[in-house]
Amino acid sequence: MDALEKATSYLNRKSHTEKEVKDYLLRKGYEEDESAEAVRRLKEYGYLNDLAYAKLYFEYGFEKGRGKDRIVRELAGKGVSKDTIEQAYDDLEDIPNEDEMARQIAAQILSEAGKEPNEMTYEEKQKLQARIARRLASRGFSGSICWSTARDAVK
C-alpha cells in the first residue's frame with residue numbers, strides 16, 4: 001500500500017490535521033518525501049483542510065463547554081498553525097459568550113455544593129471559589145473569567 005492509500009484509509013476513520021496525517025505516515029515507515037507528497041495530494045483533492053478542521057473543532061469544543069483558550073491549545077497541539085486557528089475563530093458565525101458559559105458551569109457547581117453561599121462559612125466559600133476556578137481553568141477559560149466568575153458566584 002502506498003502512502004496516499006494509507007493516508008486515505010486513516011482519514012476514512014475520522015478527520016485529522018495535515019500534521020497528524022504526515023506524522024502517522026512517518027510512524028508507519030513511509031519516507032519524508034513520500035509522506036509530504038501524500039499530504040499535498042490530499043489537500044489538493046480537498047480531503048485535508050486544516051481551516052475547516054479548526055472551525056469544526058471550535059464548534060465541537062464550545063458544545064462541550066470548553067473555553068477558547070483550551071481549544072486553541074488543543075488545535076496547536078494537533079499542528080494547526082496560529083494563523084489558521086485565528087482565521088477559523090474569526091470565521092465562526094455563532095461564537096458563544098464565554099462569560100455566560102462560565103456562569104452556567106459555576107451555577108452547576110453551586111447546586112452540587114448543597115448549600116447556598118449565605119449559609120457557608122468563610123472557609124467553605126473560599127474552597128468553593130477555588131473549586132469553581134479550577135473547573136473553569138480545566139475547561140480552558142481565561143484566568144480572568146475563572147476568577148471573576150468564581151468570585152461573583154460565591155458572594
Side-chain angles (χ1 to χ4, degrees), residues 1-113 127-153:
M1 184 179 293
D2 72 3
L4 184 60
E5 290 173 313
K6 191 70 168 176
T8 303
S9 171
Y10 183 57
L11 287 171
N12 281 336
R13 288 180 244 140
K14 76 173 207 174
S15 294
H16 293 281
T17 65
E18 295 168 22
K19 181 182 183 321
E20 288 175 324
V21 172
K22 186 173 181 188
D23 289 348
Y24 172 78
L25 292 172
L26 293 171
R27 281 193 313 273
K28 292 298 180 180
Y30 294 94
E31 297 295 324
E32 177 77 27
D33 292 346
E34 191 177 15
S35 300
E37 177 61 17
V39 167
R40 186 194 65 73
R41 289 182 61 194
L42 288 168
K43 284 173 56 177
E44 182 181 302
Y45 299 151
Y47 294 121
L48 270 180
N49 183 329
D50 279 0
L51 180 61
Y53 181 93
K55 287 178 190 177
L56 290 173
Y57 203 87
F58 268 112
E59 291 170 1
Y60 173 78
F62 288 143
E63 280 178 21
K64 294 293 184 185
R66 295 179 183 151
K68 178 186 175 193
D69 290 354
R70 178 175 173 177
I71 297 168
V72 167
R73 276 194 314 272
E74 290 174 353
L75 284 168
K78 292 175 173 290
V80 180
S81 74
K82 182 180 177 183
D83 290 340
T84 300
I85 293 169
E86 288 174 6
Q87 183 179 354
Y89 183 78
D90 291 343
D91 288 353
L92 290 176
E93 293 181 18
D94 189 24
I95 299 173
N97 182 318
E98 285 192 280
D99 290 321
E100 181 56 35
M101 287 172 57
R103 281 192 292 275
Q104 290 174 357
I105 293 167
Q108 179 183 4
I109 295 168
L110 275 171
S111 72
E112 293 168 1
K127 286 181 181 180
L128 188 57
Q129 280 181 339
R131 184 180 333 147
I132 291 168
R134 280 192 309 272
R135 176 87 53 90
L136 293 173
S138 74
R139 295 239 182 146
F141 291 91
S142 69
S144 61
I145 290 176
C146 294
W147 287 108
S148 66
T149 303
R151 183 190 63 240
D152 291 348

Side-chain donor-acceptor distances from residues 80-88 under 3.5 Å, at least two apart:
from, atom 1, to, atom 2, distance (Å)
Ser81, OG, Thr84, N, 3.1
Ser81, OG, Thr84, OG1, 2.8

For residues 70-79, run the donor-acceptor check on the side chains, cut-off 3.5 Å, and write out each pair with its distance to 0.1 Å, sequence neighbours left out.
from, atom 1, to, atom 2, distance (Å)
Arg70, NE, Glu74, OE2, 2.8
Arg70, NH1, Ser138, O, 3.1
Glu74, OE1, Tyr57, OH, 2.9
Lys78, NZ, Glu20, OE2, 3.2

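In this structure, the side chain of Ser9 does not engage the main chain of Glu5 through any donor-acceptor pair within 3.5 Å. Here the side chain of Glu98 pairs no donor or acceptor atom with the backbone of Ile145 at under 3.5 angstrom.
The line from OG of Ser144 to CG of Asp99 is 8.0 Å long, rounded to the nearest 0.5 Å. The structure places CD of Glu18 at 16.0 Å from OH of Tyr47, a figure rounded to the nearest 0.5 Å.
By the 6.0 Å contact criterion, CG on Asn97 is enclosed, its count of non-hydrogen atoms from other residues, nucleotides or ligands being greater than 12.
For the pair Leu48 and Tyr53, the minimum side-chain heavy-atom distance is 4.5 Å or more. With a 4.5 Å cut-off on side-chain heavy atoms, Arg135 and Ile132 do not count as touching. Considering only heavy atoms from C-beta on, Leu51 comes within 4.5 Å of Asp91 through its side chain.
Contact record, Ser35 with Leu26: OG-CD2, 3.6 Å, taken as the closest heavy-atom pair. Thr8 approaches Leu4 most closely through the heavy-atom pair OG1-O, 2.8 Å. The two residues Lys55 and Leu92 make their nearest non-hydrogen contact at O-CD2, 3.9 Å. Counting all heavy atoms, side chain and backbone alike, Ala153 lies closest to Leu110 at O-CD1, 3.4 Å. When all heavy atoms of Leu25 and Ala3 are compared, the pair lying nearest together is CD2-O, 3.5 Å. Of all heavy-atom pairs spanning Arg66 and Tyr60, the tightest one is NH1-CE2, 3.7 Å.
Classification of Glu44 and Arg41 as a salt-bridged pair fails, no side-chain N sitting under 4.0 Å from a carboxylate O.
The list of ring-ring contact (aromatic ring centres under 6.0 Å, His included) pairs with a residue in residues 9-36, not counting sequence neighbours, reads Tyr10-His16, Tyr10-Tyr24.
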